[in-house]
Every structure is written in structure tokens, then in C-alpha cells.
Amino acid sequence: MKLTIIEADQLKTKPDDSKLGFGTLFTDYMFNMDYNPEDGWYNPRIEPYASIDMDPATMVLHYGQGVFEGLKAYRTEKGAIQLFRPRDNFKRMNNSSRLLCIPEIDEDFVLDCLKKLLNIEKDWVPSASGTSLYIRPTIIATDPFLGVRASHTYRFFIILSPVGAYYAEGFNPVKIWVTRKHVRAVRGGVGEAKTPGNYAASLYAGEQAHKHGYTQVLWLDGNEQEYIEEVGAMNIFFVINGELITPMLNGSILPGITRDSVIALAKMWGIKVAERKIGISEVLDVHASGKLEEIFGSGTAAVISPVGEIKVGDTVITISDGKVGTLANRFYNELTNIQYGKIKDPAQWIEPI
Ligand code: PLP
Ligand code: COI
């Protein structure tokens, strides 16, 4: 397939790197590609960033048939640009697509197109500390049709956004609210896919958490409302008695690439790791017996997000004295040092542009 490049007449003014928030600014160009059953994926093109003109009956608007990804391009101290495990993102996108009955993409081809897009947009990759260019590949169902079935046509696009910290807290402990009333995903559902409905399902509880003065929701399983799944839009880790524990992937948890990287690093460092079920009652018990050392979230946007406080019903517990834990700090430094090219990549995770 031949990639077409359509040049913009006018370029935007680039923002001040030191003032970047998350997800509000977009670059000059985007990647687009369409799908129909006759041609498969066709017409890949890099063109000026623009609105998508849609029929009001477009299926994604009604039934949420869509998938997306989130990864980042980092600028190194020497000025080079690099990606962190991008192949894993496109692989996960195809896994999500299979669950949503969306046709798969050619992972190598779209990575190649992403690299070309980044080459055109390289001046948009910020260089201030903690900043990066957030990459959002997305697929939407585009048939204008109101019956419930999988769409026959799709649009794949990639947009780019220069970003700073995801949380206002930065790399500081967040306060977490536990709900037994609302769940994000259930067994047999689409929790392991990166699909819009999972995020829509998280909003109400998220607002409840904010009303109570908490930043994020700790999600429990949808069957028993006991076993911990994720925190906000991140995977979660516990350090109990020197062991690193994370809920095992069960179909309703998103298989995070940062999660996988944390597990890999821990194994390289000789830390004992367990992927297993962990209940909220167990967390309260080990806290009471003084064995709960740390809790932290992991995800592309925040990398590592330490948890300083948890509210479960009327019980409030403080973790690591409300400070950043030792291991959270070590993982954060190691991962960001790899991502920004400050240290050697231990596992072929870096993809230069
Ligand atoms: N869980 C959810 C629901 C997410 O949206 C994300 C973010 O992408 C993650 C976990 C972390 O995944 P990753 O480490 O691949 O960014
Ligand atoms: C993450 O990267 O950790 C996220 O959850 C991204 C979010 C904006 C959906």
C-alpha cells in the first residue's frame, strides 16, 4: 500500500514546552486510513489535522464500536526521538479489535506510517522534563446505520498531542476511593479491550470519587466486588512483605504495557513477583499487620502513580506514610530513564525514529 502525504498550507504555532497539560493541543498532521470489505484497509494518508465529517447515524456514535491506543514519543537529551514498545500497542489494538469485531490492521505497516508521521511532526516532540508527544491511534465504525451489528466500514486514524503530566499531582501520591457499588468491567465483557465503553462506564464512579475528595477509583471485580482489578485507568501493584503483587489478567483487566515492563524489571532485579487474585480484605489485613509497604498504579500517561491513601467504606488507610514508596520511585526512575534514553534499554523496548 502506498502512503500519500498531503501538505498543510499553514502550520500552527507550537506551544511553550514548560506549560503543557494533557491532551488539549494537537499537531499539524494526522494519519488516516479507511476500510471497506472490498478493498480491506485502503488509502493510507498523512494529511492536515482536521475534523471528521460524519453522518449522524454513524455507528460508533450510537453503539461505541471502536478501539484506541495510547503511547508516547520521547525526546532524548541528544535531541533524538524514540518510542517505547510501540509494537505492543499495535498488537494490543488488534486484540481489542478482535473483541469488538473490527478488522485487524497490519502492525508493521501502521508502525511504519506512524514513524513517517513522527518524522514530519518531529518539532512537536517537546523537550522540557517530563514532557512527551502522546500518540492516539483510533479505529471507529463508520457505517451510517442504526441496526445493531458490526459495521462494514471503518476509519483508522492517529493523532498526536504534546503533553506534560497527566495528574495535577505529578509524581506524588494520589488518594484512592473504593466502590463496591460500581464496576468498570465484568467477566466475559470487554474490559481487556481498549474500547470507549469501558471509559464511559468509569465516569460515574470517578465523579463520586472526586466528590469525596479522591483522585481515582479502585476498581473491584464485577462478580464479587472483592478482588482488585485496576486503579483509575491504570494497572495496580502492591508491595507486601517485599513481594510485588499485581492482579492476574482475567479478561476484565487491560493488559498494560507499563504493567508488563514493571514485572519484567522486577524479575531482572531479583524481586519476587506474583500475578494473582488479591482481595480488598487482604489489603486491609496486611495493612493492619504492618506488611503493606506500597501501592502504585502503572500506565503510559503517568508511568508510575504512587497511592498514598485508600478509603474503603468508612475506613481510611494511609500507605507508605502518604509518601512515594521506594519501589515506586525505583520503577519510575528506571522506566523514565529508559524512555528518555538516559540509560541502556534492557529488553529491546526502544524503537528509534
Ligand atoms: N488500564 C486501563 C484501563 C488503561 O486505560 C491503561 C492505559 O492505557 C492502562 C491500564 C495502562 O496501560 P499501558 O501501561 O499500556 O498504558
Ligand atoms: C494511560 O496511559 O495510563 C491511560 O490510561 C491513558 C488515558 C488517557 C486513557
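Hydrogens, waters and symmetry mates play no part in the numbers below; they use all other heavy atoms, side chains included. We're numbering straight along the sequence, starting at 1. Numbering of ligands and ligand atoms starts at 1, following listing order.
- Comparing G297, S202, A233, G23 against atom 5 (O) of ligand 2, the shortest heavy-atom distance belongs to A233.
- Remark: ligand 2 atoms within the under-4.0 Å shell around heavy atoms of A301 are 1 (C), 2 (O), 3 (O).
- Under a 4.0 Å criterion applied to the non-hydrogen atoms of T300, ligand 2 contributes the atoms 1 (C), 2 (O), 3 (O).
- Within the 4.5 Å cutoff, side-chain heavy atoms of P44 are placed close to those of F109.
- Here M234 has backbone heavy atoms under 4.0 Å from ligand 1, and that is the only part of it that gets that close.
- With ligand atoms numbered from 1 in the order given, ligand 1 contributes 11 (C) to contacts under 4.0 Å with heavy atoms of S298.
- Of all atoms in ligand 1, numbered sequentially from 1 with element shown, those under 4.0 Å from a heavy atom of Y199 are 2 (C), 3 (C), 4 (C), 5 (O).
- Near G256, meaning under 4.0 Å from one of its heavy atoms, ligand 1 places the atoms 12 (O), 13 (P), 14 (O), 15 (O).
- Among K72, K115, R85, the single residue meeting the salt bridge (charged side-chain N to carboxylate O under 4.0 Å, His left out) criterion with E351 is K115.
- Heavy atoms of E69 come nearer than 4.0 angstrom to ligand 1 in no pair at all.
- Those atoms of ligand 2 that come under 4.0 Å of a heavy atom in Y134, given as number and element, are 6 (C).
- Ligand-side atoms of ligand 2 in range of Y166: 7 (C), 8 (C), range being under 4.0 angstrom from any heavy atom.
- Near R92, meaning under 4.0 Å from any of its heavy atoms, are these atoms of ligand 1: 12 (O), 13 (P), 15 (O).
- Atom CZ of residue F331 and atom CZ of residue F296 lie 5.0 Å apart, to the nearest 0.5 angstrom.
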